[in-house]
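Proteins get letters first, then strands, A, B, ... in listed order; numbering begins at 1 in each. If you're wondering where the values come from, they're calculated on a predicted model, not measured in any experiment.
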There are 4 protein chains.
Amino acid sequence: MMIGKPGAARTAISTADPRSITIRGYDLASELIGAVSFTEFFFLHVTGKRPTENQRFFLDALLVTIAEHGLTPTVQTARMTLAAAPDALQGAVAAGILGCGSVVLGTAEYCAVLLRQAAARTAGKPDAERDRVVLEMTREIKDRGERLPGFGHPLHKPADPRTERLLALADQRGASGVHVDLLRRFARAAATVWGKPLVLNVSGPIAAVLLDLDFPDAAIKGIPILARTAGIIGHLAEERETPIGFLLAAKAEEAIDHSAAKIRGGKA
Amino acid sequence: MMIGKPGAARTAISTADPRSITIRGYDLASELIGAVSFTEFFFLHVTGKRPTENQRFFLDALLVTIAEHGLTPTVQTARMTLAAAPDALQGAVAAGILGCGSVVLGTAEYCAVLLRQAAARTAGKPDAERDRVVLEMTREIKDRGERLPGFGHPLHKPADPRTERLLALADQRGASGVHVDLLRRFARAAATVWGKPLVLNVSGPIAAVLLDLDFPDAAIKGIPILARTAGIIGHLAEERETPIGFLLAAKAEEAIDHSAAKIRGGKA
Amino acid sequence: MMIGKPGAARTAISTADPRSITIRGYDLASELIGAVSFTEFFFLHVTGKRPTENQRFFLDALLVTIAEHGLTPTVQTARMTLAAAPDALQGAVAAGILGCGSVVLGTAEYCAVLLRQAAARTAGKPDAERDRVVLEMTREIKDRGERLPGFGHPLHKPADPRTERLLALADQRGASGVHVDLLRRFARAAATVWGKPLVLNVSGPIAAVLLDLDFPDAAIKGIPILARTAGIIGHLAEERETPIGFLLAAKAEEAIDHSAAKIRGGKA
Amino acid sequence: MMIGKPGAARTAISTADPRSITIRGYDLASELIGAVSFTEFFFLHVTGKRPTENQRFFLDALLVTIAEHGLTPTVQTARMTLAAAPDALQGAVAAGILGCGSVVLGTAEYCAVLLRQAAARTAGKPDAERDRVVLEMTREIKDRGERLPGFGHPLHKPADPRTERLLALADQRGASGVHVDLLRRFARAAATVWGKPLVLNVSGPIAAVLLDLDFPDAAIKGIPILARTAGIIGHLAEERETPIGFLLAAKAEEAIDHSAAKIRGGKA
């Protein structure tokens, strides 16, 4: 049973024979192992091209930026799962990754869509017109009752230290292009529209820098996922030494009122 | 409800306040972003220490070695899952990772256990005694009808090109220690015990090099998982452009005889 | 760090003390175990109410309908994952469930949205007006280049036998209401708009019957997931006896042209 | 690439053509939908046989018994994952299922192994000899520093109300056989060996009843997984109405001391 119409039955990523493995046209053993970093390999694997120096630098910087942020829901999920199923490390990692969704780690993707739309609508336009378009887009989002992707953070105020660092690096290394510029216009527009500055969270520069450096769209959500996988593995190594998974669950449970469960037809 | 006895309610990985994030004692924004590679960050995150040059080099080399090996079950699983649920990239990655199990990507861990046992039993012993112990351990494994962890490969014959490259690099860079030495003794013992050379697959040098470079045990299975996550993300980016997920399922299904399902009490 | 604004810290599902467990106001040991079927329990758990006879009957019927459809991508994914990680049954089940997405098993949810919209737009309207609204909605969907949720099947032609059976049962048992009626109007409208009859697949009656029987929206996607979990477990029991997981992967891989991977910058 | 040796390329579960679906020799539309309950279907799917009345009754009873036990780690994991990724219900269910591991829901499987071993060692032996063998097995387990599978519970004391109910039902309905008998001998032996009565938790009667009713081994771990899937879906429906996922994570995080993260080389 073929679901949908079959397309080309082809892959361009790798092929192997008894004596060799070829990835994106490179011999794995002689040209990649020991010759490229894991980050360079990831770029080659996803895009089919070797990274430029700035692409490599910022891919490393972005992965480092979002790999770790404490006992987030993704990390708690992974640690509780390892406590319950200690023999299956892969299951605990998978459970953690499943929390990289639209609310928690996926906003970089929505921010990228916003920046691409703004870029399309302002291409070749003068400076003032760019500000006008961005202000209009920001107003429309607020009027629809939506949140502006890339803005707001539950902890970091008045600024997200990661955002400031990434934007400073992008400027220093000549990597800031049209998308970083538009992101800053959105920050100013948000302050006008909401009547106060909003915190530009880390999803903003992730999206803007990736777009300015020609990363493919399909990789944008992959980057937080790969980064967080590394962070989850570190937490799981700690969980094996100093288990807190069940303690997290016990403390969380205590905070919830269960009394409605005593009543037939009760509501939470 | 606390499952088991609560231990120390502590984590040493990271902490954050409104203006900063500290990871393993380093300020994320000023000391890590743009200053360390993703691989160096991963080492620091998992171990709490900065890597030596050889630890960094081989961690990169091992991650590159096992990130990709074609349309493996893990990759097919991820691509089929994305075809069925295209909105949830994290779900497709998680499905792929769930296949990093004891049969497919987890053998490095078993190989590490074997090498640690051999190291404990041969510590301080002369050369001939080491060979004798390894030969005895190999015989016991064969006599129990088990496979020797780290040996055998469905495709690569007479040698796994990745293994040869990793061992050559370990020798060149002075990283080969007691575990690499024992691994080679197991290769010779296997040829004696099985009466023919067995292919030393990539799990062998992964385990041996990690042990010789003092990687913590808890990280050993994490390394194939992180590496494969990168490979899966690349395949999912390709799946979005050139979908083959449902085609893989259709071709696989055609190869299976379903006729026993017509019979009540039929057996596969 | 609290993500978002905290709401009520309450659950109404269950509570326990050393001597009892209470679920939705019922004592588990004395009032539910041995007293209600699993299907009745599931209804009570999700809705907080005991099912009527028709709610129980159709919940059973729908779960039976969609639990199994051969070596689907979800089942292949689960079987490959068990082959790779045989010690973690839960991981193989989870991998299978991750394929219950918007394309494969999630269309009942979209169909429910469509039927709810049609119900809102035709409430209290005469028969001819209902047909007119449904025809207009169908035309709009086709004009947007979209598929009509609940229609089309890769295998079943000219009709899906499960659909026919469910609709016949709904009529026989007096369960067909406004949503089943609208579903049939969509079938007629689809034939007009596409110029040929479209197969009404099983997602249509699942959505229509559930809505006519007052199932909560949140349960609609849960039903295919629970049903398919049962089917996956059966396949995994067979996989342990008669393994085909790696064979499926091998046959699928053979069908794909890997030659572009030999070329730097090659495309699939 | 074929991993391992290919076995028979066969399945006996289901087959389909354009006009029908056949499952285990039964026509799905005319013989199963509306004719069997979901529980009966599950039994048929997994075993290839129709259940006896007691097999159906106890499969329902066991599924009801273990579907729900409050805000367990599996449920918290599922609810946090839905909060983070609300568009992917399947991901939240999968994350929850991944916690059905060896510590939390998998002990029924270990208990089954213990009961099978005891049955093999006492077959045809007189009563006193049975007690002697069970006592000896219990002592060996305690001497190895292991826990006795099926005994101990973090909340239920002095008895697990579910256990008592299941054993009473097994006696009433004539379903108690050799494995239920051996389970009771283990309870007495445990009191002797540990010097105090141990709580017989629900995994004990799950294993014993399933074995006495000839359920296949492969289904034993599948039963808690299927049951818990139903429970998770109910919690996710509540999470959509009354979200507590992020609140659980915030409360849990507050309970953990993060100060060691400020120190380079700090330990948890």
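Interface residue Val36(C): backbone and side-chain heavy atoms are both found under 4.5 Å from chain D. Proximity to chain C (any heavy atom under 4.5 Å) is restricted, for Leu166(D), to the side chain, taken from C-beta onward. If you measure heavy-atom distances from Ile244(C) to chain D, the contacts under 4.5 Å come from the side chain alone. With a 4.5 angstrom heavy-atom cutoff, Ile23(D) touches chain C only via side-chain atoms. For chain D, no part of Ala168(C) is nearby; none of its heavy atoms comes within less than 4.5 Å. Of the two parts of His153(C), neither the backbone nor the side chain holds a non-hydrogen atom closer than 4.5 Å to a non-hydrogen atom of chain D. Both the backbone and the side chain of Ile33(C) come within contact range of chain D, each with at least one heavy atom under 4.5 Å from a heavy atom of that chain. Only the backbone of Ser20(C) comes within contact range of chain D, judged by heavy atoms closer than 4.5 Å. Residue Phe41(C) touches chain D through its side chain alone, counting heavy-atom pairs closer than 4.5 Å. At a 4.5 Å heavy-atom cutoff, the contact between Ala12(D) and chain C is made by backbone and side-chain atoms alike. Only the side chain of Arg240(D) has a heavy atom closer than 4.5 Å to any heavy atom of chain C. Both the backbone and the side chain of Ala230(D) have a heavy atom closer than 4.5 Å to some heavy atom of chain C. The contact between Leu169(C) and chain D is made entirely by side chain atoms (from C-beta outward), counting heavy-atom distances below 4.5 Å.
Rounded to the nearest 0.5 angstrom, Ile206(C) CD1 and Asn201(C) CG are separated by 8.5 Å. Within the model, atoms CZ of Arg79(C) and CG of Leu71(C) stand 6.5 Å from one another, a figure rounded to the nearest 0.5 Å.
Annotation: maximal heavy-atom pairing with chain D below 4.5 Å, among Leu105(C), Thr39(C), Leu98(C), occurs at Leu98(C). Heavy-atom pairs under 4.5 Å with chain D were tallied for Ala237(C), Pro243(C), Ser37(C), Ala88(C); the largest tally goes to Ser37(C). Of the listed residues Ala159(C), Cys100(C), Ser102(C), the one with more heavy-atom pairs under 4.5 angstrom with chain D than any other is Cys100(C). Note on Arg10(D), Gln90(D), Arg165(D): by heavy-atom pairs under 4.5 Å with chain C, the leading option is Gln90(D). Listed options Glu68(C), Glu109(C), Arg162(C), Glu254(C) were ranked by heavy-atom pairs under 4.5 angstrom with chain D; first place goes to Glu68(C). Chosen from Asp87(C), Leu155(C), Asp27(C), Val93(C), the residue pairing most often with chain D at heavy-atom distances under 4.5 Å is Leu155(C). Your options are Ala35(D), Gly106(D), Pro158(D), and the one with the most heavy-atom pairs under 4.5 Å with chain C is Pro158(D). The choice from Pro6(D), Gly34(D), Gly96(D) that makes the most heavy-atom pairs within less than 4.5 Å of chain C is Gly34(D). Ranked by heavy-atom pairs under 4.5 Å with chain C, the list Leu44(D), Val46(D), Ile21(D), Ile223(D) is led by Ile21(D). Here Ile13(C) is the residue among Thr229(C), Asp60(C), Ile13(C) with the most heavy-atom pairs under 4.5 Å with chain D.
A donor and an acceptor atom, one from each side chain of Gln55(D) and Lys49(D), are nowhere located under 3.5 Å apart.
Although no hydrogens or angles enter the test, the distance criterion places a donor-acceptor pair under 3.5 Å between the side chain of Arg24(D) and the main chain of His45(D). Judged by distance alone, with hydrogens and angles left aside, the side-chain atoms of Arg19(C) form no donor-acceptor pair with the main-chain N or O of His156(D) at under 3.5 Å. Judged purely by atom type and a 3.5 angstrom limit, Thr163(C) uses its side chain to pair as donor or acceptor with the backbone of Leu200(C). When atom types are taken as modelled, the side chain of Asn54(C) and the backbone of Arg173(C) share a donor-acceptor pair closer than 3.5 angstrom. Checked by atom type and distance alone, the side chain of Ser176(C) pairs as donor or acceptor with a backbone atom of Asp171(C) at under 3.5 Å. The backbone N or O of Ile97(D) lies less than 3.5 Å from no partner atom in the side chain of Thr74(D), so there is not a single donor-acceptor pair.
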Trace of the ring-ring contact (aromatic ring centres under 6.0 Å, His included) decision for Phe38(C) with Phe42(D): CA-CA 11 Å; Phe38(C) 181 49; Phe42(D) 177 55; 8.3 Å; no
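Considering only heavy atoms from C-beta on, Thr72(D) stays 4.5 Å or farther from Gln76(D) through its side chain. Using a 4.5 Å cut-off on side-chain heavy atoms (C-beta onward), Thr11(C) and His235(D) make contact. Between Glu253(D) and His258(D) there is a side-chain heavy-atom pair separated by less than 4.5 Å.
Arg50(D) forms no cation-pi arrangement with Phe43(D), by the criterion of a distance under 6.0 Å to the ring centre and an angle within 45° of the ring axis.
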